Amino acid sequence: MSKNLLKIIIAVVTIASVTGCRSQKGGNSAGEYGSRDSVVAGSAGAVQNASLPGRYAMLTESWKPWRDVEMGVKFQLQSPARLNAAGKIWMKRGEWISVSIRMIGFEVATLWLDKDSVVAVDKYHKKYVSEPTSRLLGSAGVTISDIQDLLTGRAFLAGEGTATPAERGKFDFEQAANGWYLLPRRQPQAFNYGFLASDNASELRGAIVEVKNYGSVSATYAGAFESRTCGWFSPEVTVTNSRGKKISATLKWDLNGARFNTGVTRSCKIPDNCEKIDASTLTSLLKKL
(Lines give C-alpha, C1' and ligand atoms only; values in the text may rest on other atoms or scores of the structure.)
Protein backbone atom coordinates (compact mmCIF):
# COMPACT_ATOMS: atom_id res chain seq x y z
CA MET A 1 0.00 0.00 0.00
CA SER A 2 1.60 3.31 -1.02
CA LYS A 3 2.39 5.72 1.80
CA ASN A 4 0.18 8.53 0.47
CA LEU A 5 -2.91 6.36 0.16
CA LEU A 6 -2.14 4.78 3.51
CA LYS A 7 -2.15 8.26 5.05
CA ILE A 8 -5.55 9.00 3.49
CA ILE A 9 -7.13 5.79 4.74
CA ILE A 10 -5.72 6.23 8.24
CA ALA A 11 -6.75 9.87 8.31
CA VAL A 12 -10.37 9.38 7.27
CA VAL A 13 -10.82 6.50 9.70
CA THR A 14 -9.20 8.53 12.46
CA ILE A 15 -11.38 11.59 11.87
CA ALA A 16 -14.44 9.37 12.13
CA SER A 17 -12.99 7.88 15.31
CA VAL A 18 -11.96 11.05 17.09
CA THR A 19 -15.14 12.93 16.24
CA GLY A 20 -17.22 10.00 17.38
CA CYS A 21 -16.05 10.14 21.04
CA ARG A 22 -13.86 7.73 21.81
CA SER A 23 -15.75 18.84 25.70
CA GLN A 24 -15.29 20.13 29.56
CA LYS A 25 -13.89 23.60 28.95
CA GLY A 26 -11.04 23.29 28.03
CA GLY A 27 -17.06 32.64 1.74
CA ASN A 28 -17.92 34.96 -0.61
CA SER A 29 -20.62 34.27 -3.18
CA ALA A 30 -23.38 36.03 -5.00
CA GLY A 31 -25.41 32.86 -4.71
CA GLU A 32 -26.76 31.21 -1.56
CA TYR A 33 -23.85 32.14 0.71
CA GLY A 34 -22.83 35.58 1.92
CA SER A 35 -19.39 36.52 3.16
CA ARG A 36 -18.52 36.31 6.84
CA ASP A 37 -17.38 39.94 7.02
CA SER A 38 -20.47 41.44 5.41
CA VAL A 39 -22.83 39.68 7.78
CA VAL A 40 -20.85 39.50 11.02
CA ALA A 41 -19.61 43.09 11.09
CA GLY A 42 -23.09 44.48 11.62
CA SER A 43 -23.86 42.17 14.54
CA ALA A 44 -20.52 42.21 16.39
CA GLY A 45 -21.40 45.13 18.67
CA ALA A 46 -24.76 43.67 19.57
CA VAL A 47 -23.13 40.37 20.51
CA GLN A 48 -20.50 42.04 22.71
CA ASN A 49 -23.11 44.04 24.60
CA ALA A 50 -25.54 41.16 25.10
CA SER A 51 -25.68 38.98 28.20
CA LEU A 52 -24.36 35.43 27.87
CA PRO A 53 -27.89 33.96 27.72
CA GLY A 54 -28.66 36.61 25.10
CA ARG A 55 -25.61 35.60 23.08
CA TYR A 56 -26.74 31.98 23.33
CA ALA A 57 -30.11 32.94 21.85
CA MET A 58 -28.43 34.81 18.95
CA LEU A 59 -26.08 31.91 18.30
CA THR A 60 -28.65 29.13 18.29
CA GLU A 61 -31.26 31.11 16.37
CA SER A 62 -28.74 31.36 13.53
CA TRP A 63 -28.67 27.58 13.05
CA LYS A 64 -31.49 26.45 10.78
CA PRO A 65 -32.35 22.77 10.19
CA TRP A 66 -31.21 20.90 7.09
CA ARG A 67 -32.04 17.50 5.61
CA ASP A 68 -29.10 16.69 3.36
CA VAL A 69 -26.07 18.36 1.80
CA GLU A 70 -23.53 17.75 -0.96
CA MET A 71 -20.32 19.79 -1.13
CA GLY A 72 -16.64 19.71 -1.98
CA VAL A 73 -13.98 19.32 0.70
CA LYS A 74 -10.23 19.94 0.90
CA PHE A 75 -8.39 17.69 3.28
CA GLN A 76 -5.09 18.52 4.99
CA LEU A 77 -3.33 16.01 7.23
CA GLN A 78 -0.76 17.76 9.46
CA SER A 79 0.24 14.90 11.75
CA PRO A 80 1.56 12.19 11.96
CA ALA A 81 2.50 12.98 8.35
CA ARG A 82 1.66 15.71 5.83
CA LEU A 83 -0.76 15.22 2.98
CA ASN A 84 -3.17 17.33 0.94
CA ALA A 85 -6.12 15.89 -0.94
CA ALA A 86 -9.54 16.94 -2.20
CA GLY A 87 -12.88 15.29 -2.60
CA LYS A 88 -16.57 15.50 -1.93
CA ILE A 89 -18.84 14.84 1.03
CA TRP A 90 -22.52 13.92 1.14
CA MET A 91 -24.48 13.87 4.40
CA LYS A 92 -28.03 12.96 5.28
CA ARG A 93 -29.00 14.52 8.56
CA GLY A 94 -28.75 12.03 11.40
CA GLU A 95 -28.36 9.03 9.10
CA TRP A 96 -25.09 8.83 7.19
CA ILE A 97 -21.88 10.52 6.03
CA SER A 98 -20.24 9.60 2.72
CA VAL A 99 -16.79 10.91 1.68
CA SER A 100 -14.97 10.51 -1.63
CA ILE A 101 -11.24 11.32 -1.78
CA ARG A 102 -9.72 12.09 -5.18
CA MET A 103 -6.16 12.50 -6.42
CA ILE A 104 -5.20 13.52 -9.97
CA GLY A 105 -8.85 13.36 -10.94
CA PHE A 106 -9.43 9.78 -9.77
CA GLU A 107 -11.32 8.50 -6.74
CA VAL A 108 -8.73 6.71 -4.61
CA ALA A 109 -10.51 6.27 -1.29
CA THR A 110 -13.97 6.44 0.26
CA LEU A 111 -15.36 6.64 3.77
CA TRP A 112 -18.85 5.64 4.86
CA LEU A 113 -20.31 6.20 8.31
CA ASP A 114 -23.84 5.33 9.41
CA LYS A 115 -25.61 3.95 12.47
CA ASP A 116 -24.38 0.42 11.75
CA SER A 117 -20.89 0.58 10.29
CA VAL A 118 -17.78 2.58 9.45
CA VAL A 119 -16.21 1.54 6.14
CA ALA A 120 -12.98 2.92 4.60
CA VAL A 121 -11.99 1.71 1.13
CA ASP A 122 -8.62 2.02 -0.62
CA LYS A 123 -9.82 1.59 -4.21
CA TYR A 124 -6.33 1.77 -5.72
CA HIS A 125 -4.94 -1.15 -3.74
CA LYS A 126 -8.30 -2.90 -3.41
CA LYS A 127 -8.32 -3.00 0.39
CA TYR A 128 -11.00 -1.99 2.86
CA VAL A 129 -11.66 -1.73 6.59
CA SER A 130 -15.11 -2.24 8.09
CA GLU A 131 -15.97 -1.83 11.77
CA PRO A 132 -19.28 -1.66 13.65
CA THR A 133 -20.26 1.88 14.55
CA SER A 134 -20.94 0.61 18.07
CA ARG A 135 -17.22 -0.03 18.45
CA LEU A 136 -16.59 3.59 17.49
CA LEU A 137 -19.29 5.23 19.57
CA GLY A 138 -19.78 2.58 22.25
CA SER A 139 -22.52 3.41 24.75
CA ALA A 140 -21.64 7.11 24.87
CA GLY A 141 -24.98 8.17 23.39
CA VAL A 142 -23.34 10.06 20.51
CA THR A 143 -25.28 10.11 17.24
CA ILE A 144 -24.53 10.73 13.57
CA SER A 145 -26.18 14.15 14.02
CA ASP A 146 -23.71 14.98 16.80
CA ILE A 147 -20.76 14.13 14.55
CA GLN A 148 -22.24 16.24 11.74
CA ASP A 149 -22.63 19.19 14.12
CA LEU A 150 -19.09 18.79 15.42
CA LEU A 151 -17.71 18.83 11.87
CA THR A 152 -19.73 21.85 10.73
CA GLY A 153 -19.42 24.13 13.78
CA ARG A 154 -22.68 23.82 15.67
CA ALA A 155 -23.12 23.20 19.40
CA PHE A 156 -25.24 20.21 20.36
CA LEU A 157 -26.57 18.21 23.25
CA ALA A 158 -25.21 14.66 22.99
CA GLY A 159 -27.92 12.38 21.67
CA GLU A 160 -30.46 15.22 21.41
CA GLY A 161 -29.36 17.22 18.38
CA THR A 162 -28.33 20.80 17.63
CA ALA A 163 -28.75 23.26 20.49
CA THR A 164 -31.84 25.48 20.18
CA PRO A 165 -32.99 28.68 21.95
CA ALA A 166 -35.56 26.64 23.89
CA GLU A 167 -32.76 24.55 25.46
CA ARG A 168 -31.00 27.46 27.14
CA GLY A 169 -31.68 25.97 30.56
CA LYS A 170 -29.66 22.90 29.65
CA PHE A 171 -26.41 24.92 29.41
CA ASP A 172 -24.21 26.88 31.78
CA PHE A 173 -22.44 29.95 30.39
CA GLU A 174 -19.08 31.38 31.41
CA GLN A 175 -17.02 34.28 30.12
CA ALA A 176 -13.62 33.32 28.74
CA ALA A 177 -10.55 35.36 27.80
CA ASN A 178 -11.19 34.77 24.10
CA GLY A 179 -14.95 34.23 24.02
CA TRP A 180 -17.51 32.46 26.18
CA TYR A 181 -18.26 28.88 27.10
CA LEU A 182 -21.41 26.84 26.47
CA LEU A 183 -21.25 23.93 28.91
CA PRO A 184 -24.00 21.29 28.87
CA ARG A 185 -25.23 20.81 32.42
CA ARG A 186 -25.89 17.11 31.90
CA GLN A 187 -22.70 15.27 31.02
CA PRO A 188 -22.48 11.62 29.87
CA GLN A 189 -20.69 9.12 32.09
CA ALA A 190 -18.09 8.29 29.43
CA PHE A 191 -16.95 11.83 28.59
CA ASN A 192 -17.26 15.56 29.28
CA TYR A 193 -17.77 18.08 26.50
CA GLY A 194 -18.35 21.74 25.86
CA PHE A 195 -18.04 24.56 23.35
CA LEU A 196 -16.32 27.93 23.04
CA ALA A 197 -18.13 30.71 21.15
CA SER A 198 -16.69 33.91 19.72
CA ASP A 199 -17.00 37.19 21.64
CA ASN A 200 -17.31 39.20 18.45
CA ALA A 201 -19.79 37.24 16.34
CA SER A 202 -22.43 34.54 16.44
CA GLU A 203 -20.12 31.64 15.71
CA LEU A 204 -18.30 28.83 17.47
CA ARG A 205 -14.54 28.99 17.98
CA GLY A 206 -14.10 25.42 19.13
CA ALA A 207 -15.31 22.31 20.90
CA ILE A 208 -13.58 19.83 23.17
CA VAL A 209 -14.43 16.29 24.21
CA GLU A 210 -12.59 14.84 27.21
CA VAL A 211 -12.96 11.08 27.28
CA LYS A 212 -12.26 9.22 30.50
CA ASN A 213 -9.15 7.02 30.30
CA TYR A 214 -8.45 8.25 26.77
CA GLY A 215 -7.58 11.94 26.61
CA SER A 216 -9.21 14.76 24.71
CA VAL A 217 -10.26 15.50 21.16
CA SER A 218 -10.59 19.13 20.09
CA ALA A 219 -12.27 20.78 17.12
CA THR A 220 -11.14 24.29 16.19
CA TYR A 221 -13.26 26.34 13.77
CA ALA A 222 -12.22 29.16 11.44
CA GLY A 223 -14.75 31.69 10.18
CA ALA A 224 -18.43 31.29 9.40
CA PHE A 225 -20.69 31.30 6.36
CA GLU A 226 -24.44 31.78 6.22
CA SER A 227 -26.83 29.83 4.06
CA ARG A 228 -30.08 31.67 3.37
CA THR A 229 -31.99 28.42 3.86
CA CYS A 230 -29.98 26.58 6.54
CA GLY A 231 -28.23 29.27 8.60
CA TRP A 232 -24.63 29.39 9.77
CA PHE A 233 -21.86 26.83 9.35
CA SER A 234 -18.11 26.86 9.86
CA PRO A 235 -16.22 26.47 6.58
CA GLU A 236 -13.16 24.96 8.26
CA VAL A 237 -12.56 22.57 11.15
CA THR A 238 -9.30 21.18 12.53
CA VAL A 239 -9.59 18.00 14.60
CA THR A 240 -6.76 17.03 16.95
CA ASN A 241 -6.30 14.35 19.60
CA SER A 242 -4.24 14.78 22.77
CA ARG A 243 -3.09 11.27 23.59
CA GLY A 244 -1.01 8.63 21.88
CA LYS A 245 0.16 9.14 18.31
CA LYS A 246 -0.79 12.72 17.53
CA ILE A 247 -3.25 13.06 14.69
CA SER A 248 -4.28 16.46 13.39
CA ALA A 249 -6.32 17.06 10.25
CA THR A 250 -8.15 20.02 8.74
CA LEU A 251 -11.30 19.85 6.64
CA LYS A 252 -12.23 22.86 4.49
CA TRP A 253 -15.79 22.78 3.20
CA ASP A 254 -16.76 24.36 -0.12
CA LEU A 255 -19.84 26.06 1.30
CA ASN A 256 -20.01 28.37 -1.71
CA GLY A 257 -20.86 25.40 -3.90
CA ALA A 258 -22.87 23.41 -1.35
CA ARG A 259 -26.25 22.04 -2.36
CA PHE A 260 -28.74 21.63 0.49
CA ASN A 261 -31.97 19.65 0.68
CA THR A 262 -31.93 18.11 -2.79
CA GLY A 263 -32.98 14.65 -1.62
CA VAL A 264 -29.56 13.17 -2.40
CA THR A 265 -29.18 9.44 -1.74
CA ARG A 266 -26.01 7.42 -1.23
CA SER A 267 -25.14 3.92 -0.14
CA CYS A 268 -22.08 2.05 1.06
CA LYS A 269 -20.42 0.31 -1.89
CA ILE A 270 -17.44 -2.04 -1.54
CA PRO A 271 -15.96 -3.22 -4.87
CA ASP A 272 -16.16 -6.99 -5.29
CA ASN A 273 -12.41 -7.30 -5.81
CA CYS A 274 -11.48 -5.59 -2.52
CA GLU A 275 -9.87 -7.49 0.34
CA LYS A 276 -10.86 -6.79 3.93
CA ILE A 277 -8.08 -5.95 6.39
CA ASP A 278 -8.30 -5.62 10.17
CA ALA A 279 -8.42 -2.20 11.83
CA SER A 280 -5.51 -3.36 13.99
CA THR A 281 -3.38 -3.43 10.82
CA LEU A 282 -3.99 0.31 10.36
CA THR A 283 -3.02 0.95 13.97
CA SER A 284 0.32 -0.80 13.51
CA LEU A 285 0.95 1.00 10.22
CA LEU A 286 0.13 4.35 11.84
CA LYS A 287 2.95 3.82 14.34
CA LYS A 288 5.42 3.57 11.46
CA LEU A 289 4.52 6.96 9.92
Side-chain angles (χ1 to χ4, degrees), residues 15-24 52-53 55-71 89-98 113-116 118 133-134 136-173 180-197 202-211 217-219 221 224-235 237 239 251 253 255 258 260-264 266:
I15 286 178
S17 300
V18 297
T19 56
C21 270
R22 266 287 235 193
S23 256
Q24 196 145 320
L52 294 185
R55 297 183 199 182
Y56 172 84
M58 293 181 197
L59 182 66
T60 54
E61 284 171 357
S62 72
W63 297 330
K64 308 302 180 185
W66 56 277
R67 298 188 301 276
D68 56 75
V69 66
E70 172 185 349
M71 60 185 167
I89 186 168
W90 298 261
M91 294 191 287
K92 187 167 184 179
R93 183 63 173 163
E95 295 193 21
W96 48 259
I97 299 172
S98 177
L113 172 64
D114 65 14
K115 299 174 184 178
D116 299 317
V118 181
T133 305
S134 58
L136 172 69
L137 302 181
S139 57
V142 176
T143 66
I144 301 298
S145 292
D146 297 339
I147 295 175
Q148 291 168 339
D149 282 341
L150 190 63
L151 291 175
T152 56
R154 295 186 171 191
F156 59 88
L157 289 165
E160 299 182 40
T162 307
T164 68
E167 292 168 323
R168 185 178 69 178
K170 296 182 179 181
F171 287 87
D172 287 324
F173 311 115
W180 55 283
Y181 292 114
L182 301 79
L183 306 174
R185 290 182 175 178
R186 183 176 180 180
Q187 297 283 339
Q189 290 186 347
F191 63 93
N192 295 321
Y193 70 111
F195 308 91
L196 175 66
S202 296
E203 64 182 82
L204 285 190
R205 297 174 63 94
I208 186 166
V209 181
E210 295 184 345
V211 186
V217 173
S218 63
Y221 306 108
F225 273 78
E226 183 183 30
S227 162
R228 293 174 182 168
T229 57
C230 301
W232 290 82
F233 296 89
S234 174
V237 56
V239 181
L251 298 172
W253 312 116
L255 286 166
F260 281 93
N261 304 332
T262 63
V264 64
R266 299 279 291 180

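Predicted, not measured: the structure shown is a model, and the values here were computed from it. If you read the sequence from its start, that first residue is 1, and numbering goes on from there.
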- Task: Check for a donor-acceptor pair, side chain of Asp68 on one end and backbone N or O of Thr262 on the other, with a separation under 3.5 Å.
- Result: yes
- Non-neighbouring partners of Lys115 that pass side-chain contact (heavy atoms from CB on, under 4.5 Å), sequence neighbours left out: Ile144
- Quick one: salt bridge (charged side-chain N to carboxylate O under 4.0 Å, His left out) partners of Arg93, sequence neighbours excluded? Asp149
- Item | Expected output: side-chain Trp253 to main-chain Ala258 donor-acceptor under 3.5 Å | no
- Sequence-distant partners of Asp116, salt bridge (charged side-chain N to carboxylate O under 4.0 Å, His left out), two or more places apart: none
- Query: Can any side-chain N or O of Tyr221 pair as donor or acceptor with the backbone N or O of Thr152 at less than 3.5 Å?
  - Reply: no
- Partners of Arg67 by side-chain contact (heavy atoms from CB on, under 4.5 Å), sequence neighbours excluded? Asn261
- Note on the structure: Those residues at least two apart in sequence (or on a different chain) that pass salt bridge (charged side-chain N to carboxylate O under 4.0 Å, His left out) with Glu70 are Lys88, Arg259
- Message: Strictly distance-based, threshold 3.5 Å: is any side-chain N or O of Arg154 a donor or acceptor partner for the main-chain N or O of Trp232?
- Response: yes
- Would you say Glu203's side chain and Ser234's backbone share a donor-acceptor pair under 3.5 angstrom? no
- What class does the angle between the rings of Trp180 and Phe173 fall in, given that below 30° is parallel, 30 to 60° is tilted and above 60° is perpendicular? perpendicular
- Can you list the residues that meet the side chain to side chain donor-acceptor pair (under 3.5 Å) rule with Glu160, with sequence neighbours excluded? Lys170
- Please say whether more than 12 non-hydrogen atoms of neighbouring residues, nucleotides or ligands are located less than 6.0 Å from CZ in Arg266. yes
- Message: Measuring centre to centre across the rings, with the benzene-like ring taken for any Trp, is Tyr181 within less than 6.0 Å of Phe171?
- Response: no
- Task: Could you tell me whether a side-chain N or O of Gln148 sits under 3.5 Å from a main-chain N or O of Thr143, the two making a donor and an acceptor?
- Result: no
